[in-house]
Asker: 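Submitted below is the structure of interest, expressed as structure tokens.
Below, chains carry the letters A, B, ... as their sequence lines are ordered, and counting in each starts from 1.
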Amino acid sequence: MDGVLIKNLSAHVGEEVTINGWLYNRRGSGKIQFLILRDGTGLTQGVLVKGEKPELFDDAKKISQESSVRVTGVVEENPKSPGGFELQVNNIEVVSQTEDYPVTLKEHGVEFLADRRHLWIRTPKQSAILRIRSEVEMAAHEFFYQNDFIQADAPIITPNACEGTTTLFEIDYHGDPAYLSQSGQLYNEANAMALGRVYCFGPVFRAEKSKTRRHLMEFWMIEAEAAYFNNEDNMKLQEEMVSHIIKRVLKNRSAELEVLKRDTSKLEAVQLPFPRLSYTEAVELLQKKGHEFNWGDDFGAPDETVISEEYNAPVFIHRFPTNIKAFYMKPDPDDENVVLGADLIAPEGYGEIIGGGQRIDELEMLEQRLEEHQLPKEEFEWYLDLRRYGSVPHSGFGLGLERLVAWICGLEHVRETIPFPRMLYRMHP
RNA sequence: UCCGCGAUAGCUCAAUGGUAGAGCAAUCGGCUGUUAACCGAUAGGUUGUAGGUUCGAGUCCUACUCGCGGAGCCA
């Protein structure tokens with residue numbers, strides 16, 4: 001493919017180049033027109049003057065919104081053009097003419113856009129979000145590699161529930177029931193005993209009928225697990241990762257954050273270390289602020305928002321009551337009523353973005369927990385083997401990619417952070 | 001699953017129980033530096049579905065469908 005990407009136009013001033021893209025919009029008067037072009041890397045404009053090329057000028061007038069075009073012209077610097085550079089057009093090849101494009105540049109409602117998600121993602125705001133999502137993903141991979149983690153992906157089809165609590169999507173596995181994974185954690189633990197420090201990154205599925213701005217039925221989770229890490233090591237790893245991701249997005253995606261009108265001072269304010277609050281301290285904070293809350297209850301979304309508003313960085317809440325957490329969470333030796341785990345709550349009311357903790361490494365205690373949670377022991381024999389053969393203290397966490405991206409982008413809803421969201425009552429297109 | 005709100009032109013929205021309208025998009029025309037360009041004209045409707053109240057229903061009532069927001073659960 002010949003051509004230059006719009007984001008690289010600044011390196012070609014004075015040269016004739018070809019942009020391979022689509023007609024985003026057209027403006028102009030009777031004698032001059034501006035073709036606003038997009039190619040996925042940005043926007044620029046092609047300029048046509050009637051007096052110079054009357055035939056090309058008239059042909060260009062017939063090109064409709066979102067037609068695919070290859071536009072050739074000479075690059076000039078111009079502050080009035082989107083991106084600061086424009087093309088003095090010499091030739092246009094219409095690759096495909098579009099008829100009746102449904103998504104206009106004016107206002108649309110959520111339902112209309114969601115039904116046309118495959119076209120909605122072409123708009124500047126949506127493509128900016130998706131570029132930031134990609135940047136977050138790359139930053140996470142980069143962070144893990146810099147810290148000697150190996151990517152070891154977990155299976156998506158699983159024979160049983162990971163934690164036995166959440167509702168699962170059931171599938172027919174050649175006659176046997178199987179389930180779409182809600183977490184790669186148990187497999188991560190096995191991989192960590194083999195490779196030391198591992199992470200997996202993939203889609204997970206929750207069939208629960210959650211209907212809020214923070215929930216998807218299918219979402220992407222970055223999960224890490226490290227042998228010989230205690231809960232403190234684990235929290236340190238998490239805050240360094242989140243900090244690394246934010247720094248890289250600020251550095252490489254400032255143009256996209258600007259398209260989203262994101263107040264980046266909120267992101268720049270995030271400093272290490274993140275504040276740490278025990279569950280008990282968090283309960284006291286809520287009570288002090290006049291909220292009714294009893295020790296032993298789990299936090300709801302409004303409670304998380306109240307706590308997060310106290311800080312301008314994500315905040316860890318650690319040592320939750322043992323009986324509201326998953327079966328594999330290790331009790332604190334100093335207080336068996338609480339576990340060595342922590343949730344990371346994002347600022348500005350975005351809620352929990354990470355859940356993690358130290359895992360039970362003693363065989364007997366884990367067997368007892370499986371029984372208490374009424375989980376089928378035979379399905380977990382392989383998991384118990386990890387405690388039989390060379391068990392070590394280990395910790396890990398899972399980060400919800402969409403919630404992190406929603407916070408970084410300052411979005412109202414996680415549905416815009418993934419190209420094709422799967423939500424309660426909506427899985428088209 | 002529960003609570004609340006909504007559905008009118010392609011889109012975004014108006015319309016005291018009394019002739020369904022505007023902006024944008026579309027189509028046609030005008031305009032030599034536009035920035036969701038602008039200006040003029042044309043066309044565009046079984047008011048989500050079914051029933052009810054009324055002389056008369058977009059408007060009031062009932063049911064249903066679909067959507068949105070929130071709760072719970074979680075990331």
Asker: Go through the structure and list residues passing salt bridge (charged side-chain N to carboxylate O under 4.0 Å, His left out) with A:Lys289, not counting sequence neighbours.
Answerer: A:Glu310

Asker: For B:G67, take OP1 and OP2 only and decide whether either is under 4.0 Å from a side-chain N or O of A:Arg415.
Answerer: no

Asker: Using 30° and 60° as the class limits, which term best fits the ring planes of A:Tyr383 and A:Phe327: parallel, tilted or perpendicular?
Answerer: perpendicular

Asker: Between B:G69 and A:His413, is there an OP1 or OP2 to side-chain N/O distance shorter than 4.0 Å?
Answerer: yes

Asker: Could you state the OH-P distance from A:Tyr101 to B:C24, rounded to the nearest angstrom?
Answerer: 21 Å

Asker: Please pick, from B:G67, B:A75, B:U35, the nucleotide with the shortest atom-to-atom distance to any side-chain atom of A:Met221.
Answerer: B:A75

Asker: Describe the nucleic acid contact of A:Phe34 in one word from base, sugar-phosphate, nothing, applying a heavy-atom distance below 4.0 Å.
Answerer: base

Asker: Could you measure between the two P atoms, the one in B:G29 and the one in B:G67, and give it in whole Å?
Answerer: 42 Å

Asker: So for A:Gln45 and B:U34, does any side-chain atom that can act as donor or acceptor lie under 3.5 Å from a complementary atom in the base?
Answerer: yes

Asker: Ignoring backbone atoms, test whether A:Arg27 places a side-chain nitrogen or oxygen under 4.0 Å from the OP1 or OP2 oxygen of B:U34.
Answerer: no

Asker: Between A:Arg116 and B:G10, is there a side-chain N or O to OP1/OP2 distance below 4.0 Å?
Answerer: no

Asker: Is there a Watson-Crick or G-U wobble partner for B:C55 with both distances under 3.5 Å, and if so, which one is it?
Answerer: B:G18

Asker: For B:C24, what is the paired nucleotide under Watson-Crick or G-U wobble rules, both distances under 3.5 Å?
Answerer: B:G10

Asker: Would you kindly give the NE2-to-P distance between A:His215 and B:C68, to the nearest whole Å?
Answerer: 16 Å

Asker: Is it the case that B:C73 (base atoms only) and A:Ser210 (side chain only) share a donor and an acceptor within less than 3.5 Å, ignoring hydrogens and angles?
Answerer: yes

Asker: If B:G69 has a Watson-Crick or G-U wobble mate with both distances under 3.5 Å, name it; if not, just say none.
Answerer: B:C3

Asker: More 5' along RNA chain B: A:Gly351 or A:Asn78, using each one's nearest nucleotide?
Answerer: A:Asn78

Asker: Would you indicate what A:Lys50 reaches in the nucleic acid, counting non-hydrogen atoms under 4.0 angstrom: base, sugar-phosphate, or nothing?
Answerer: nothing

Asker: Nearest to the A:Val49 side chain among B:A75, B:G33, B:U32, which nucleotide is it?
Answerer: B:U32

Asker: Describe the nucleic acid contact of A:Glu402 in one word from base, sugar-phosphate, nothing, applying a heavy-atom distance below 4.0 Å.
Answerer: nothing

Asker: Quick one: are A:Ile157 and A:Ile171 in side-chain contact, heavy atoms under 4.5 Å?
Answerer: yes

